[in-house]
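Working notes, beginning with the structure itself.
Numbering of residues begins at 1 and proceeds along the displayed sequence. The analysis underlying the following values was restricted to heavy atoms, covering all of them including side chains, and did not include hydrogens, waters or symmetry mates. We count ligands from 1, going down the list as the structure has it; atoms in each ligand are counted the same way.
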Amino acid sequence: MMRLPVILICFSTVIFAEEFEYLYSTKYIDVPLDHFNFRSNATFKLRYLINDTYHVQRGPIFFYTGNEGDINQFAQNTGFMYDIASTFNALLVFAEHRYYGTSLPFGNLSYTTPEYLGYLSSAQALADFAYLIDDLQSTYAATSDLKKVPVIAFGGSYGGMLAAYLRMKYPYAVAGAVASSAPIWQFRGLTPCENFNRIVTNVYEALGGVKCKDTIAKSWKIIRSLTETDEGKSNLTKLWNFCTPLKTSDDIDTLVDWLTNIYVNVAMVNYPYPTSFLADLPAYPVRAVCSKINNFDYKNDFGLLQALGEALSVYTNYTGRTTCNDIKVAANIGEKGWGFQSCTDMIMPMCSTSFDMFEDAPWDFEKYSDDCYKKFSVRPRNEQVPLLEYGGKDIKSASDIVFSNGLMDPWSSGGVLSNVSDRISAVIIPDAAHHFDLRGANANDPGSVREARRFHVKRIHKWLNKFYFENLDDPLKYKFYETNRV
Ligand SMILES: *[C@@H]1O[C@H](CO)[C@@H](O)[C@H](O)[C@H]1NC(C)=O
Ligand SMILES: *[C@@H]1O[C@H](CO)[C@@H](O)[C@H](O)[C@H]1NC(C)=O
Ligand SMILES: *[C@@H]1O[C@H](CO)[C@@H](O)[C@H](O)[C@H]1NC(C)=O
Ligand SMILES: *[C@@H]1O[C@H](CO)[C@@H](O)[C@H](O)[C@H]1NC(C)=O
Ligand SMILES: *[C@@H]1O[C@H](CO)[C@@H](O)[C@H](O)[C@H]1NC(C)=O
Ligand SMILES: *[C@@H]1O[C@H](CO)[C@@H](O)[C@H](O)[C@H]1NC(C)=O
């Protein structure tokens, strides 16, 4: 069976303005629909969030390069930028990625035809970001001694890839980039397809114990064989409280995807304190999920499924308010958009083998391509689009990027884990999950995450110092920055 593309980040619950912890105002800018074609002047409204409370004239712009989802979600999960804004007198900007949130070029029709959807690509999104930065420069760099202010790109996950790519492709626009959990090497020929699922498995074994990992590994065959009959399907529907009864073998494939996604998501957000964006989750959710399994003394296959049911409820029903489980509501944001990107410029091969806890699923590009055509009427040009576009492992000629990765994050499989050059650094956070260092400071943060954040701050100082030194006419003004910086 082919696995669905795994979405990179999974803040999924709709959040309401009154729950916002971090504040900003919302703005829109008209950006060209197609940056690479002069036949049309069509534009659309790209949304961005802005906070100028900490901003001082000549101060930098901290620019978050939005991901595959509503930008509010990312602003609410990137408290690090807020935490350091006053130190740097920075203006905070969070830019939405086209085709997500409300930045829909054709409104609610954006996803209806390949013709409309064709303007969704990382290259167009980067051009949007550069366009917006240029506009911000004209508003905020209005001093006679400084033609433009420095911009630092920040991003986590796919947004981290974009932060790094923005520095690579538009080096004049950003002075440096902090790319957290950015799997820029999760592509064919750069990373074996099984690495991702193997890390998830290791995380469950290391943090949840062998019994937990083995139970999950054994469950797939049991689920498949139980659901061969209608009676079995109806038993499992009842046992796991599904909203609609399992009926067809497609439903069982959907169920397997749903389960797989849950295990992956739990590993990605395995933070040491409760979080409530993905789903309401306790601290260390891998441990919480596994303790349900470990404490359940099951004797037979049905018992194993009961144990798993309890474990799943940590994710699906932590609040106790879920009435039934809907396996068809994808547990993820931006599903359609990311599905399309996974078929065009972000093909990230994934597979599982007998060495991990998932059901075996080979990588089959031909089949993948056929599925893409069925869903979106497009086919990937080849398996390695991003290599041509972004250089694959050959990134030595780029500069001023920090790649940080938690080793407990499945996406570290495609991350940059060693220093590439003096100016492209890797920060390893042994005990961190996904996008952790970009979150706001918390009393429960491990030392390694605090250290990673200190590394980022030092690098940002370095990039900014260089920028001001090179761009301010008057060295005294440079001192102005130096003395005001901490
Ligand atoms: C900027 O963020 C801080 C912290 O959330 C908040 O106190 C302040 O009101 C915000 N400013 C604006 C202009 O939204
Ligand atoms: C685009 O805008 C320019 C400037 O307003 C105009 O001269 C040109 O004709 C427009 N092109 C198209 C294809 O509409
Ligand atoms: C898009 O929105 C318009 C106006 O709200 C509505 O009439 C139309 O049915 C919607 N179309 C789709 C495809 O959702
Ligand atoms: C379904 O559940 C009933 C009642 O618990 C049990 O008797 C029956 O054997 C189960 N059927 C299957 C296929 O597991
Ligand atoms: C969620 O938990 C509540 C309280 O324990 C329970 O009544 C409800 O049936 C659970 N929902 C599901 C889908 O299991
Ligand atoms: C990369 O170099 C920095 C020093 O510039 C060092 O602190 C860091 O540990 C190195 N990263 C790795 C993964 O070796």
Item to check | Those atoms of ligand 1 less than 4.0 Å from some heavy atom in Tyr54 | outcome: 2 (O), 3 (C), 4 (C)
Checklist entry - Looking only at side chains, do Ser180 and Asp437 share a donor and an acceptor under 3.5 Å apart? => result yes
Next on the checklist: Does any N or O of ligand 1 fall below 3.5 Å from an N or O anywhere on Thr53, backbone included?
Outcome noted: yes
Checklist entry - Which of the atoms of ligand 4 are close to Leu226, meaning less than 4.0 Å from one of its heavy atoms? => result 12 (C), 13 (C), 14 (O)
Item to check | Close-contact set for ligand 4 against Asn235 heavy atoms, below 4.0 Å | outcome: 1 (C), 2 (O), 3 (C), 8 (C), 10 (C), 11 (N), 12 (C), 14 (O)
Next on the checklist: Using a 3.5 Å cut-off on N or O atoms only, is Ile50 in polar contact with ligand 1?
Outcome noted: no
Checklist entry - Is it the case that Asn72 and Tyr24 place a side-chain donor and acceptor less than 3.5 Å from each other? => result yes
Next on the checklist: Which heavy atom of Ser157 sits nearest to which heavy atom of His434, and what is that distance?
Outcome noted: OG-NE2, 2.8 Å
Checklist outcome for this item: Note: ligand 1 atoms sitting under 4.0 Å from heavy atoms of Tyr24 are 14 (O)
Checklist entry - How would you list all residue pairs meeting side chain to side chain donor-acceptor pair (under 3.5 Å) that involve residues 231-240, not counting sequence neighbours? => result none
Checklist entry - Taking both backbone and side-chain atoms of Asn51, is any N or O found less than 3.5 Å from an N or O belonging to ligand 1? => result yes
Next on the checklist: Show me the pairs that pass disulfide bond (SG atoms under 2.5 Å apart) and involve residues 151-197, at least two apart or across chains.
Outcome noted: Cys193-Cys351
Item to check | Ion pair Arg459/Asp400, N-O distance below 4.0 Å | outcome: no
For ligand 6, find each of its N or O atoms that sits under 3.5 Å from a protein N or O atom, and tabulate the pairs with distances to one decimal place.
{"from": "ligand 6", "atom 1": "2 (O)", "to": "Asn419", "atom 2": "ND2", "distance (Å)": "2.3"}
{"from": "ligand 6", "atom 1": "5 (O)", "to": "Arg459", "atom 2": "NH2", "distance (Å)": "3.3"}
{"from": "ligand 6", "atom 1": "11 (N)", "to": "Asn419", "atom 2": "OD1", "distance (Å)": "3.4"}
{"from": "ligand 6", "atom 1": "11 (N)", "to": "Asn419", "atom 2": "ND2", "distance (Å)": "3.2"}
{"from": "ligand 6", "atom 1": "11 (N)", "to": "Ala426", "atom 2": "O", "distance (Å)": "2.9"}

Checklist entry - Just wondering, are more than 12 heavy atoms of other shown residues or ligands nearer than 6.0 Å to CG in Asn300? => result yes
Checklist outcome for this item: salt bridge (charged side-chain N to carboxylate O under 4.0 Å, His left out) filter on Lys169, not counting sequence neighbours, yields none
Item to check | Check ion pair Asp145-Arg58 (N to O, under 4.0 angstrom) | outcome: yes
